[in-house]
Amino acid sequence: MEDYVYLVLKKEKKPISFDKLCLKVQNLIRKEDESYILTDKNIDDIKKFLINGIKNYKYYETPSGNYVLMSKTSFRKGKFYADKDGNGKVKTISSYIDKNGDKQVVEEQYIVANGSTNGAIDGDIVLVDTGGKNGEPKVDKIINRHLESVVGEVYRIGSSYFLKPLDKKKQDLQIALSGEAIEGQRVSVNLIEQTADNFYIGEVTRVFNHKDDPDEDILWEAFKYGIDDEFSKDSWNQVKNIPTKVRDSDRIGREDLTNLEIFTIDGADTKDMDDALSCEILPNGNYLVGVHIADVSHYVPEDSPLDLDARRKGTSNYLGGKVIPMLPHELSNGICSLNPYVERCALSCIMEVTPEGKVVKSRITPSIINSSLKMTYDKVNDILKYNIIDPQYEEHVDTLRNLNKLALVLRKKRIKNGAIEFNRPELKVVLDENGKVSGFSKREQDLGENLIEEFMLLANETVDKFAVDNGFPCLHRIHDKPNAEKLNDYLFFLSAINYPFKVGMMGENITEDKKLMQELVEHANKADKLSMLLTVELIKCNSRAKYSPHNIGHYGLAKENYCHFTSPIRRYPDLTVHRIVKDILNGDKKKINKWKEKLPDIGAWSSKMEKNADDAENAVLRMRCAEYMSNHIGDEYECTITGISDRGISVELDNMIEGFVRIKDLKGSYVYSPESYSLVSLDGFENYFVGDRLKVNVLAASKEEKKINFGVVEKIKENKIANSTEINRDVKIKSKIAKTRGTYFKK
């Protein structure tokens with residue numbers, strides 16, 4: 001009956017009364033059964049369906065008592081995200097069935113101005129009127145204040161204890177704690193009762209150790225981004241029953257590949273190894289490459305406690321030297337890790353590849369493998385670049401060189417097809433034996449890293465094609481074109497800092513021509529000390545890759561088919577793809593509809609948790625940088641100006657640590673010139689431009705605020721900007737006039 005109610009409302013363009021709805025439902029059913037007449041029970045059922053649908057925001061009841069699909073109104077249900085200024089945005093997710101019978105998910109967002117938020121706080125589920133007053137979105141009501149837990153510090157008023165939320169977006173909440181606590185303690189609190197609009201009673205569920213204890217500050221940051229380091233009791237019970245070695249029963253239905261020369265290549269400190277390689281040269285000159293991936297799905301059944309925990313976490317998190325795994329270490333570092341000299345269950349993607357890099361044959365098979373050696377990137381690079389061979393690697397050198405030869409071909413082919421590669425090293429934290437920051441190193445892509453990357457890319461592409469060719473849905477890794485408007489702003493910025501890219505070029509031209517995008521990336525890479533800044537700003541013009549069953553290809557990798565298959569220990573989408581592959585291998589076509597239904601939600605949630613992990617990683621890195629610099633107050637460093645605003649100067653040291661020079665810490669009075677991205681002195685002191693080289697000293701560093709403040713010692717080199725003299729002369733004149741009228745603020 002409910003299907004008929006939905007079909008009637010779907011066809012109606014305007015809200016209709018209950019009586020008309022019932023009549024139309026009856027007429028619709030009569031097309032199948034001419035004698036059908038609605039009974040009183042049927043009418044009661046329709047009322048129940050409507051009431052239920054209204055509660056779930058599927059249907060909407062107008063003030064006059066008529067009914068319409070919520071999707072045909074200006075109202076949408078979504079999640080509210082606040083910013084520090086009191087404004088916010090509501091993200092909505094809706095779905096529909098397309099002409100092919102596939103479920104499609106649509107994500108939209110609506111900007112809500114301060115004053116139209118109706119008391120919503122960050123994380124609330126709200127009903128937003130997308131038309132609102134004056135056509136601007138407005139929060140109509142708060143559906144669910146989903147505050148399972150809040151982290152913060154305990155404070156006391158009299159004999160009562162309260163929580164001060166750490167998240168500034170939630171500091172309007174008043175949270176009284178049930179029972180006693182210790183003032184100043186950092187805790188996680190579950191909200192158990194709401195006593196008024198923003199007043200709650202909370203119960204302490206977790207007490208964090210002192211902030212200076214090793215790893216505790218990282219756990220604190222992780223919690224703020226919704227990252228949980230714990231597993232359920234049911235998961236731990238499940239772990240107890242998981243074997244520590246391959247059993248005879250595990251071999252059933254698997255291909256024995258233990259005779260192959262197989263090895264892993266990872267960082268020296270890596271413990272969760274989920275990919276291994278094999279390679280041999282065939283009589284026809286082609287390469288037979290095996291990419292062997294840990295078969296995590298064999299030990300983590302779908303919807304088991306471990307699977308539910310892994311789905312909730314979405315990904316493993318690597319935060320400033322600490323790992324918060326998606327799966328317990330007993331699996332991630334144990335039975336699921338492709339450790340050397342022991343048998344492991346794997347899912348092997350075996351590909352015949354021509355010397356030109358074309359896959360002519362491929363097959364995927366459940367397997368048993370035995371890795372010969374855990375290689376490290378450093379030692380592999382020594383072999384490939386300098387012919388320095390560790391004795392343990394001696395018997396694998398020829399295979400390594402063959403793999404490297406093919407990897408270089410694959411990379412060249414990928415770039416020729418339009419793949420985009422940003423040349424920006426990662427900053428890696430170096431810790432001492434006490435877990436304190438002792439310094440930083442740059443993690444750059446070398447031959448060994450490139451080798452692994454190319455074969456993982458090839459396997460991911462092959463698996464995606466395998467799923468599509470067999471008529472199954474797949475959880476694709478998709479990446480849309482860059483934003484043309486943002487590219488236009490970027491091109492203007494390049495011109496303003498006297499580093500233009502092809503005069504007259506527009507963002508629209510670049511989004512449609514990948515060769516132009518590659519040239520723009522190379523242009524940024526060649527900008528000497530500015531290349532870091534320009535690369536980061538260009539990355540911001542690109543869309544974020546995400547997971548979706550709707551395939552639009554991967555722009556950045558220049559691949560029409562791409563998924564994540566090669567890291568099931570640390571990414572839930574890979575574990576999902578493994579299950580899809582096994583259903584295909586088992587010929588279980590009944591699972592097609594199941595995956596069509598499940599994949600949109602898995603993709604949306606996995607994309608969200610991946611972003612949370614990235615945000616947490618960035619926050620921890622900033623915290624570690626500030627912690628390190630707090631021990632270097634007064635020390636001098638050389639840096640490049642990477643940004644200028646009306647608040648001051650953003651700089652990046654040559655060791656990649658970032659910080660800020662406040663206007664109030666400069667001599668004299670300054671005014672910001674947005675036309676030339678500069679700070680102009682009104683008192684004859686130095687003007688500052690993006691790209692200038694400075695010597696600075698450390699004034700202050702706050703680990704808690706993740707901020708580093710510098711003072712300028714001297715300007716080393718100026719990045720002269722075209723027409724800046726004329727622009728800044730006008731800025732000075734206008735500023736001095738404003739100053740005499742009392743409208744200019746002198747610091």
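For reference, positions follow the sequence shown, starting with 1.
Proximity of Met70 to Lys77: side-chain heavy atoms (C-beta onward) are nowhere separated by under 4.5 Å. A 4.5 Å side-chain heavy-atom check between Val696 and Leu653 finds at least one atom pair inside the cut-off. Counting only heavy atoms from C-beta outward, the side chains of Ser548 and His476 never approach each other to under 4.5 Å. Looking at heavy atoms from C-beta onward, Ile335 lies out of side-chain contact with Thr244 at the 4.5 angstrom threshold. Counting only heavy atoms from C-beta outward, the side chains of Met532 and Val536 never approach each other to under 4.5 Å. Using a 4.5 Å cut-off on side-chain heavy atoms (C-beta onward), Tyr200 and Thr195 make no contact. The shortest side-chain heavy-atom distance between Leu599 and Thr576 falls under the 4.5 Å cut-off. By the 4.5 Å heavy-atom criterion applied to side chains, Arg570 and Asp274 are counted as neighbours.
Side-chain atoms of Arg647 do not come within 3.5 Å of backbone N or O of Ile644 as any donor-acceptor pair. Without hydrogens or angle criteria, Ser304 side chain to Val300 main chain gives no donor-acceptor distance under 3.5 Å. Remark: the backbone N or O of Val151 is not paired with any side-chain donor or acceptor of Ser188 at under 3.5 angstrom. In this structure, Arg544 contributes its side chain and Asp480 its backbone to no donor-acceptor pair below 3.5 Å. Ser543 places no side-chain N or O within 3.5 Å of a backbone atom of His479 that could act as its donor or acceptor partner. A donor-acceptor distance shorter than 3.5 angstrom exists from the side chain of Ser630 to the backbone of Glu627, with no hydrogens or angles considered. Between the side chain of Asn483 and the main chain of Cys541, no donor-acceptor pair closer than 3.5 Å is present. No donor-acceptor distance shorter than 3.5 angstrom exists from the side chain of Asn709 to the backbone of Ala700, with no hydrogens or angles considered. Using a distance-only test at 3.5 Å, with no hydrogens or angles considered, no donor-acceptor pair links the side chain of Ser297 to the main chain of His578.
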message: For a side-chain contact (heavy atoms from CB on, under 4.5 Å) check, start with the C-alpha distance between Val323 and Ser332, then their side-chain angles and the critical distance, and finish with the verdict.
response: CA-CA 11 Å; Val323 179; Ser332 61; over 6 Å; no
- request: Apply the test side-chain hydrogen bond (donor to acceptor under 3.5 Å, both in side chains) to residues Thr270 and Asp272: give CA-CA distance (whole Å), side-chain angles for both, the deciding distance (0.1 Å), then the verdict.
  value: CA-CA 6 Å; Thr270 301; Asp272 52 349; 5.4 Å; no
- request: Would you please test Val187 and Ile182 for side-chain contact (heavy atoms from CB on, under 4.5 Å) and show each step?
  value: CA-CA 10 Å; Val187 297; Ile182 299 175; over 6 Å; no
- request: Begin from the C-alpha positions of Ser74 and Thr130 and carry the test side-chain contact (heavy atoms from CB on, under 4.5 Å) through to its verdict.
  value: CA-CA 5 Å; Ser74 61; Thr130 61; 3.7 Å; yes
- request: Carefully, step by step, assess Met623 and Trp220 under the rule side-chain contact (heavy atoms from CB on, under 4.5 Å).
  value: CA-CA 12 Å; Met623 180 180 71; Trp220 182 245; over 6 Å; no
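Within the cation-pi definition used here (under 6.0 Å to the ring centroid, within 45° of the axis), Lys707 does not qualify as a partner of Phe660. A cation-pi arrangement is present between Lys313 and Phe231 under the rule of less than 6.0 angstrom and at most 45 degrees off the ring axis. Within the cation-pi definition used here (under 6.0 Å to the ring centroid, within 45° of the axis), Arg206 qualifies as a partner of Phe208.
Of the charged side-chain nitrogens involved, none lies within less than 4.0 Å of a carboxylate oxygen, so that Arg477 and Asp574 do not count as a salt-bridged pair. By the 4.0 Å N-to-carboxylate-O rule, Glu216 lies too far from Arg186 to be salt-bridged with it. Taking 4.0 Å as the cut-off between side-chain N and carboxylate O, Arg311 and Asp303 count as a salt-bridged pair. For the pair Lys703 and Asp217, the salt-bridge criterion is met [side-chain N within less than 4.0 Å of a carboxylate O]. Remark: Arg312 engages Asp309 in a salt bridge, criterion side-chain N to carboxylate O under 4.0 Å. Taking 4.0 Å as the cut-off between side-chain N and carboxylate O, Lys322 and Glu221 do not count as a salt-bridged pair.
In terms of the side chain to side chain donor-acceptor pair (under 3.5 Å) criterion, Asn655 has no residue partners (sequence neighbours excluded).
Separating the OH atom in Tyr60 from the CZ atom in Phe75 is a distance of 4.0 Å, to the nearest 0.5 Å. Taken to the nearest 0.5 Å, the CD1 atom of Ile218 stands 6.5 Å off from the CG atom of Leu319. Between the CG atom in Asp234 and the CG atom in Leu306 there is a gap of 9.5 Å [rounded to 0.5 Å]. Rounded to the nearest 0.5 Å, atoms CG (Asn237) and OG (Ser232) are 8.5 Å apart. For the atom pair CD of Gln185 and CD of Glu153, the computed distance is 10.0 Å after rounding to the nearest 0.5 Å. Annotation: the span from Lys546 atom NZ to Glu610 atom CD amounts to 12.0 Å, rounded to 0.5 Å.
The minimum heavy-atom distance between Leu127 and Tyr57, with the atom names listed, is CD1-CD2, 3.9 Å. For the pair Pro301 and Tyr299, the tightest heavy-atom approach, listed with the atom from each and the gap, is CD-O, 3.4 Å. Taking both residues in full, the closest heavy atoms of Asn118 and Asp140 are given as ND2-O, 3.0 Å, listed atom of the first, atom of the second, then distance. Pairing each heavy atom of Ile633 with each of Leu699, the nearest pair is CG2-O, 3.8 Å. Of all non-hydrogen atoms in Ile657 and Cys625, the two that sit nearest each other are CG1-SG, 3.9 Å. Residues Lys594 and Glu302 share a closest heavy-atom pair of NZ-OE1, 2.9 Å.
In Lys598, the NZ atom is crowded: over 12 heavy atoms of neighbouring residues, nucleotides or ligands sit closer than 6.0 Å. Residue-environment remark: NZ (Lys89) stays at or below the threshold of 12 foreign heavy atoms within 6.0 Å. Remark: Arg156 CZ is loosely packed, at most 12 non-hydrogen atoms of other residues, nucleotides or ligands lying under 6.0 Å away.
Ring geometry for Phe710 versus Tyr637: interplanar angle over 60°, hence perpendicular rather than tilted (30 to 60°).
Side-chain N/O atoms of Asp635 and His632 include a donor and acceptor closer than 3.5 Å. No side-chain N or O of Thr642 forms a donor-acceptor pair with one of Glu658 less than 3.5 Å apart. No hydrogens or angles considered: nothing links the side chains of Tyr59 and Asn52 as a donor-acceptor pair under 3.5 Å.
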